[in-house]
Participant: 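Below you'll find the structure I mean.
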Amino acid sequence: MRAAMNRRLATIAVVGAAATMAGALAPAASADVLPVPVESVPFAVDGSNQSGWWNPLAVSGDTTYFAFNVPAGTGRHEVHVASRATDGDWVSGCLRTAQDACANYLNDNGHNQPSIAIDGDGDIHVFASMHHEDWNYFRSTTPGDVTSLVEVSEEMPDAGSTISYPITSVGPDGDVWLMVRTGPDAQARRDGVLYHYDLDEQSWTRETTIASATDYSVYPDDLIVDENGLVHVLWEWHKWAAGPYRHLGSYAVWDPQAKSFSDVAGGALPTPISPTTPGPVIFQPFTADESMDSTTPAVQTAKMTVRDGVLQGVTYRYSAAGSTLFDLKWATWDGSDWNRQTVIDSAALGSGVDTIATMDATSFGSITRLYAVLSVQTCDAVRSQVVMLEQAQGRADWVPSAIGDPLPGQQRLRATTTTAGADVLYLSAPATPGGGTLRYAEVARSGQAIAGGGLADIVSTIRGDRGGVNLALNGIVTASSQLRDDSGPELAFDGVCSDASRWVSALDDAQPWIVSEWAEAAPVDVVRVRSGYLGGAMQPSVLRDFTVELRTSQGWTQIGAVAGNVSSEVLVDADGLTADAVRLLISDPSDSATDVARVFEIEAIAVDADDSTGTVPGTDPGTDPGTDPGTDPGADPGIGGDEEIGTDDGAAVDSGSEISASDGLLAATGSAMPVTLFGSGAALLAGGIVLRFIRRRPGRTFAG
């Protein structure tokens with residue numbers, strides 16, 4: 001829990017190798033965080049509990065059901081289903097085999113995840129951990145009882161098929177519908193197939209083949225049965241057999257009574273549908289030189305929302321030609337054509353920002369909502385934030401809000417709407433330090449659009465930006481040495497936080513130094529130093545011992561001395577000194593076997609204009625100094641060895657993340673390092689004890 005403290009006189013004594021505060025300065029940006037309670041589900045969640053296509057969430061009456069993977073040995077998981085009553089109590093049970101053991105499966109991110117449905121009798125249906133293999137199907141023996149789930153795979157049609165990506169929906173009559181991909185690979189194709197569970201007959205049948213074509217593979221995205229019993233289906237295409245970058249996002253409607261498909265305009269379609277079927281089936285067509293062999297442009301994961309039997313729109317990730325990022329798009333049908341809108345432009349939000357392969361859409365009354373996850377590479381970790389984007393009927397703009405707090409690593413989600421119009425959210429954070437977490441939230445609808453901030457503010461919060469103008473940004477820079485041509489000192493003052501954008505000192509430079517000068521002297525609030533190596537163990541690679549100096553009218557003045565540091569971020573209070581340069585004098589570069597200085601960024605943050613007697617010369621307070629939208633670091637710092645010298649520098653490489661070939665590339669994520677703060681009056685005592693007197697001025701808050 002964050003505890004705010006006004007910037008007034010405070011005295012803090014800390015014993016240890018460094019003065020460490022687990023929190024950070026609260027950002028000056030005003031991101032709108034929706035006041036929605038986010039509740040942790042009281043069960044362990046495996047790191048494999050992540051996907052984009054799945055449907056692990058169901059609401060029946062007053063009860064919410066979550067399906068999730070739990071740890072079950074190295075590289076393996078069980079699938080459990082938990083129910084939440086209106087009083088908040090949770091009950092959980094595993095999927096049981098014929099031998100009465102909990103079913104145990106191999107971890108496979110983006111593939112081996114569960115989907116569930118609750119039929120009209122209250123029975124729970126679960127499809128679990130199938131990727132190009134035979135059915136894994138379970139059903140409760142007692143309605144609503146998550147402890148009574150037993151395997152009934154033998155009841156499914158097409159036994160022996162290779163099944164992937166089960167997506168479920170329930171019709172108004174209580175029947176269950178299921179969309180999967182099957183793999184007749186001998187015929188060089190993988191089809192999208194629709195199955196139907198008849199509640200009266202208590203049996204499954206194969207309804208139809210949705211989409212099929214030789215040399216193509218179908219990737220199911222979403223399935224919704226509307227109040228009229230019509231079945232809306234959403235999918236993507238890829239060149240046979242498989243790949244993460246798909247194309248030709250497609251939508252159609254199945255009429256179970258007429259046994260036929262129609263397109264969004266109501267035109268008849270053949271069965272099955274192919275990539276070249278005429279009519280407005282494709283909501284995201286090829287662009288420019290795109291083909292089935294293209295890495296970009298590409299589609300990856302999509303969800304839709306249907307209201308009163310009418311498609312309201314499709315939200316999906318889309319990567320433009322030549323981009324390594326995925327934007328969030330919104331496609332709607334205007335009666336004669338598909339219209340496409342970019343809702344989240346990842347590149348416009350600054351370096352290191354992307355979306356994650358997860359999203360959902362809901363619509364009720366006059367309000368449509370999109371849910372997505374933003375991922376931001378910071379100097380010490382990848383952090384992510386669940387965001388809601390709300391649009392009122394008749395409006396073109398989307399109002400963003402953050403839901404919950406930023407978390408280390410990526411997050412995945414699903415959403416469903418209750419009969420009262422509230423959205424229930426399933427929020428999975430599989431990379432949370434100490435074990436994956438699963439969270440529950442309910443977002444009510446007021447009937448009117450919310451008033452929110454902007455996505456840029458949300459990104460600033462994820463980064464932990466403190467606000468203020470960075471005087472040292474893009475200054476005149478000099479240093480004692482550099483390791484390579486591409487690790488020069490200017491990279492420590494470019495506003496980019498990545499392994500590809502660091503100053504790294506030379507191997508034979510035992511006491512390196514670095515300086516940045518700016519044009520006109522100005523009062524400095526704090527100096528922030530970010531150091532380390534994202535591609536390996538962070539702690540040994542951070543700056544160990546150093547002093548921070550500002551150049552004032554009296555010459556170089558020391559404002560802080562740091563010894564025995566183990567934090568990737570250090571804040572030194574400048575006490576409002578007027579200066580035109582900042583300097584680091586490093587006496588111990590690191591605790592790594594390759595003993596070099598590794599500095600992401602050095603920031604000299606100016607005193608806020610409202611906090612001083614005048615404005616900061618030569619600066620634009622409307623500029624966000626923490627990001628450089630035009631810079632692409634050009635490397636994935638989360639995966640691989642130490643690129644500085646071509647070998648591992650003695651710090652262990654994080655190998656805990658997994659890469660899904662069909663669900664997007666996942667960056668390795670490690671735990672966030674704490675931030676260390678040193679006041680200008682700090683006295684370094686024997687044994688590493690630091691006593692700090694930090695003068696705090698009104699207008700900024702600390703959170704810890």
Side-chain angles (χ1 to χ4, degrees), residues 38-46 48-51 54-72 76-105 112-130 135-156 166-170 174-178 197 199 202 204 412-419 424-430 435-442:
V38 178
E39 169 188 329
S40 293
V41 177
F43 306 110
V45 176
D46 190 65
S48 66
N49 195 57
Q50 50 182 296
S51 193
W54 61 350
N55 186 25
L57 163 67
V59 174
S60 180
D62 294 328
T63 305
T64 298
Y65 297 86
F66 278 12
F68 50 95
N69 293 353
V70 303
R76 302 192 68 85
H77 66 270
E78 295 174 0
V79 177
H80 289 205
V81 178
S83 60
R84 181 187 186 277
T86 53
D87 60 5
D89 284 345
W90 289 89
V91 177
S92 176
C94 71
L95 308 185
R96 295 200 171 273
T97 66
Q99 293 74 37
D100 200 34
C102 292
N104 186 290
Y105 300 106
N112 284 1
Q113 286 74 44
S115 285
I116 61 174
I118 313 299
D119 69 26
D121 287 341
D123 281 324
I124 308 165
H125 300 250
V126 185
F127 295 89
S129 300
M130 299 177 297
W135 295 103
N136 292 322
Y137 168 51
F138 297 78
R139 192 171 62 242
S140 61
T141 58
T142 302
D145 184 359
V146 296
T147 67
S148 69
L149 289 156
V150 297
E151 185 168 12
V152 285
S153 300
E154 70 280 358
E155 295 184 11
M156 294 303 298
I167 304 175
T168 53
S169 186
V170 178
D175 289 4
V176 180
W177 293 81
L178 173 70
Y197 179 79
L199 189 61
Q202 300 278 296
W204 284 93
R412 302 298 184 108
L413 62 83
R414 280 306 311 257
T416 192
T417 305
T418 68
T419 55
V424 174
L425 305 184
Y426 175 110
L427 307 173
S428 178
T437 61
L438 183 60
R439 296 170 301 150
Y440 164 97
E442 186 171 331

Participant: Of all the heavy-atom pairs spanning Ile124 and Gly144, show the shortest one and how long it is.
Facilitator: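 For Ile124 versus Gly144, the nearest heavy atoms are CD1-C, 3.8 Å.
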Participant: Does the ring centre of Trp90 sit less than 6.0 Å away from the ring centre of Phe68?
Facilitator: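 Aromatic pair excluded; centres sit 6.0 Å or further apart.
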Participant: Kindly say whether Leu95 contributes a backbone atom to a donor-acceptor pair with the side chain of Glu78 at under 3.5 angstrom?
Facilitator: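 Judged by distance alone, no pair lies under 3.5 Å.
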Participant: OG of Ser153 to CZ of Phe127: how many Å apart, nearest 0.5 Å?
Facilitator: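 Reported to 0.5 Å precision, the distance equals 8.5 Å.
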Participant: Taking all atoms of both residues into account, what is the closest heavy-atom pair of Ile118 and Ala58, and its distance?
Facilitator: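 Closest heavy-atom pair between Ile118 and Ala58: CG1-CB, 3.8 Å.
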Participant: Which is it for Leu57 and Thr64 under the side chain to side chain contact (heavy atoms under 4.5 Å, CB included) test, yes or no, and what are the steps along the way?
Facilitator: CA-CA 8 Å; Leu57 163 67; Thr64 298; 3.9 Å; yes
Participant: Minimum heavy-atom separation for Ile167 and Ser115, please, with both atom names.
Facilitator: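 The pair with the smallest heavy-atom distance is CA-OG, 4.2 Å.
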Participant: Do you know which two heavy atoms are closest between Asp119 and Val176, and how far apart they sit?
Facilitator: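 In this case the closest contact between Asp119 and Val176 is CB-CG2, 3.6 Å.
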Participant: Which heavy atom in Thr168 sits nearest to a heavy atom in Ala117, and how many Å separate them?
Facilitator: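 Between these two residues, the closest heavy atoms are CB-CB, 3.9 Å.
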Participant: Is it true that a side-chain atom of Ser428 and a backbone atom of Leu438 form a donor plus acceptor pair closer than 3.5 Å?
Facilitator: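 Checked: no pair found.
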Participant: Within the side chain of Asn112, is there an N or O that forms a donor-acceptor pair under 3.5 Å with the backbone of Ser48?
Facilitator: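 A pair under 3.5 Å: no.
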Participant: Compare every heavy atom of Pro430 with every heavy atom of Asp46, then report the nearest pair and how far apart it is.
Facilitator: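 Nearest pair, atom of Asp46 first, then Pro430: O-CB, 3.9 Å.
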Participant: Parallel, tilted or perpendicular: which fits the ring planes of Phe66 and Tyr440, with parallel below 30° and perpendicular above 60°?
Facilitator: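 Judged by the thresholds at 30° and 60°, the geometry between Phe66 and Tyr440 is tilted.
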Participant: Would you say the side chains of Asn136 and Ser129 form a donor-acceptor pair under 3.5 Å?
Facilitator: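 Result is no, nothing qualifies.
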Participant: Any heavy-atom pair between the side chains of Thr437 and Val45 that's under 4.5 Å?
Facilitator: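 Val45 does not reach Thr437 side chain to side chain.
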Participant: Test side chain to side chain contact (heavy atoms under 4.5 Å, CB included) on Glu39 and Arg84; report intermediate values, then the result.
Facilitator: CA-CA 11 Å; Glu39 169 188 329; Arg84 181 187 186 277; 2.9 Å; yes
Participant: Give the C-alpha distance, both sets of side-chain angles, the deciding distance and a yes or no for side chain to side chain contact (heavy atoms under 4.5 Å, CB included) between Val126 and Ile116.
Facilitator: CA-CA 5 Å; Val126 185; Ile116 61 174; 3.7 Å; yes
Participant: For a ring-ring contact (aromatic ring centres under 6.0 Å, His included) with Trp204, tell me which candidate from Trp135, Trp177, Tyr197 qualifies.
Facilitator: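 Of the listed residues Trp135, Trp177, Tyr197, the ring-ring contact (aromatic ring centres under 6.0 Å, His included) partner of Trp204 is Tyr197.
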Participant: Is the backbone of Asp123 close enough, under 3.5 Å, to the side chain of Arg139 for a donor and an acceptor to pair up by distance?
Facilitator: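 No; zero donor-acceptor contacts below 3.5 Å.
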Participant: Testing the 3.5 Å rule here: is there a donor-acceptor pair between the side chains of Thr86 and Asp62?
Facilitator: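 Result is no, nothing qualifies.
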Participant: Apply the test side chain to side chain contact (heavy atoms under 4.5 Å, CB included) to residues His125 and Leu178: give CA-CA distance (whole Å), side-chain angles for both, the deciding distance (0.1 Å), then the verdict.
Facilitator: CA-CA 10 Å; His125 300 250; Leu178 173 70; over 6 Å; no
Participant: Tell me, do His77 and Pro71 make a side-chain contact under 4.5 Å, heavy atoms counted?
Facilitator: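 A side-chain contact is absent here, since even the closest heavy-atom pair is not under 4.5 Å.
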Participant: Determine whether the aromatic ring centres of residues Phe43 and His80 are separated by less than 6.0 angstrom.
Facilitator: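 That pair fails the under 6.0 Å test.
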Participant: Is there a side-chain contact between Leu425 and Leu413 in this structure, where contact means two heavy atoms from C-beta onward sitting under 4.5 Å apart?
Facilitator: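 No, side chains not in contact.
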Participant: Does any N or O in the side chain of Ser92 come within less than 3.5 Å of the main-chain N or O of Ala82, such that one atom is a donor and the other an acceptor?
Facilitator: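 No: the side chain of Ser92 does not pair with the backbone of Ala82.
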Participant: Within the structure provided, determine whether Pro56 and Gln113 are in side-chain contact (heavy-atom separation under 4.5 Å).
Facilitator: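 No. Closest side-chain heavy atoms not under 4.5 Å.
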Participant: Give, for atom CG of Leu149 and atom OG1 of Thr97, the distance between the pair rounded to the nearest 0.5 Å.
Facilitator: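 So the CG of Leu149 and the OG1 of Thr97 are separated by 12.5 Å.
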Participant: Could you tell me whether the side chain of Trp54 reaches within less than 4.5 Å of the side chain of Tyr426, counting heavy atoms only?
Facilitator: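 A side-chain contact under 4.5 Å exists here.
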